[in-house]
Amino acid sequence: MNRLKIILVFVVGITVSPVLWGNDAGVTFIGPSNYIPRLDLPQNIPLHSADSCKDCHQEIYDQWRESMHSKSSTNPIFQACWTVRNNPPFCSNCHFPMLEQKPKILRGFKETGPLPFVAIKNKEFDTMLIKEGVTCVVCHLRNKTLYGPREIKEGEAPHPVRYDPSFQKSEFCYTCHSWGFPRARVIQTCSTSDEYKKSGKKETCQDCHMVRKEGLASLGKPKRVYGMHDQKSSRNPEELRQALKVELKTERDTYKPGDKLKAEIRITNTGAGHRVPTG
């Protein structure tokens with residue numbers, strides 16, 4: 001049986017608007033150098049777990065379950081990188097940021113040695129909660145109150161709620177999506193906010209990464225438009241087509257079995273307000 005055998009040799013070029021690039025080496029950065037302190041729960045919410053939210057917010061819960069936020073602590077790529085670097089605590093402050101998610105708590109630094117961190121065992125550690133990564137209360141709970149991006153009248157929810165306009169601003173995302181390791185002069189770990197500012201885009205992070213949908217955001221309430229919590233932009237082919245232009249060039253149009261194929265793939269950032277990929 002004859003088999004088609006084409007040997008591919010790819011030359012890949014990635015073109016990004018110069019405004020999205022910068023010389024960020026050798027700069028001192030201050031990042032999420034601390035965890036979220038203990039979050040006291042309001043009445044009617046028994047646990048910090050997203051399971052406490054799903055009965056009333058099933059649709060949003062299901063979306064969050066599909067998001068990278070829900071997998072931020074268990075993602076195998078993160079786990080591999082974190083482990084090989086001896087589990088630096090700063091990484092965990094974004095990937096599982098709550099006190100109750102910390103197996104150990106950073107208490108200081110050693111002057112010398114391969115492991116500079118001084119950490120103690122955390123008595124508040126919840127072995128199940130750590131698996132939820134960036135769970136609902138990370139963004140929404142403060143001072144026994146659930147905060148969100150729209151006004152809700154008192155008594156409409158079974159727990160205290162309050163409107164916070166920052167949920168609709170890109171700055172809300174910067175703490176975890178734009179930072180570098182503290183106390184170190186290293187290439188910036190994540191500079192999405194700087195990339196976004198230089199791009200000149202007017203859309204917010206939420207405009208692109210929390211696509212609006214009409215649905216049942218809350219049990220027993222009418223349908224309304226809300227921002228989806230699956231945040232699939234980078235994993236959504238249609239949205240990637242709007243952000244990136246992909247061109248394939250070959251030396252000729254046709255090939256026969258056994259031919260070598262030399263191809264150039266050019267990827268141009270035409271729509272994203274930051275580098276692709278970014279943090």
Side-chain ion pair, D259 and R252, N-O less than 4.0 Å: yes
E156, CD atom: more than 12 neighbouring heavy atoms under 6.0 Å: yes
R275/E195 salt bridge by N-O under 4.0 Å criterion: yes
Ion pair check, R266 and E264, cut-off under 4.0 Å: yes
H209, Q63, H69 screened by side-chain hydrogen bond (donor to acceptor under 3.5 Å, both in side chains) with Q231, the one that passes: H69
hydrophobic_cluster_shared for I267 and L248, side chain cutoff 4.5 Å: yes
Among S73, S70, S49, the one residue meeting side-chain hydrogen bond (donor to acceptor under 3.5 Å, both in side chains) with E132: S49
Residues forming a side-chain hydrogen bond (donor to acceptor under 3.5 Å, both in side chains) with N44, sequence neighbours excluded: none
Residue from H57, R212, E214, E59 passing side-chain hydrogen bond (donor to acceptor under 3.5 Å, both in side chains) with Y226: E59
ILVMFWY cluster, L146 and L129 together (side-chain gap under 4.5 Å): yes
Under 3.5 Å side-chain donor-acceptor pair for S233 and N236: no
Salt-bridge present (R162, D164; N to O < 4.0 Å): no
Sequence-distant partners of R241, salt bridge (Lys or Arg N to Asp or Glu O under 4.0 Å), two or more places apart: E238
Aromatic ring pairing W64/Y61, orientation class (parallel under 30°, perpendicular over 60°, tilted between): tilted
H274 side, atom NE2; K201 side, atom NZ - distance, nearest 0.5 Å: 10.0 Å
Gap separating the OG atom of S67 from the NE2 atom of H229, nearest 0.5 angstrom: 9.0 Å
K213 NZ: over 12 foreign heavy atoms closer than 6.0 Å: yes
Close side-chain approach of L39 and L99, heavy atoms under 4.5 Å: no
Non-hydrogen side-chain atoms of I130 and F125 separated by less than 4.5 Å: yes
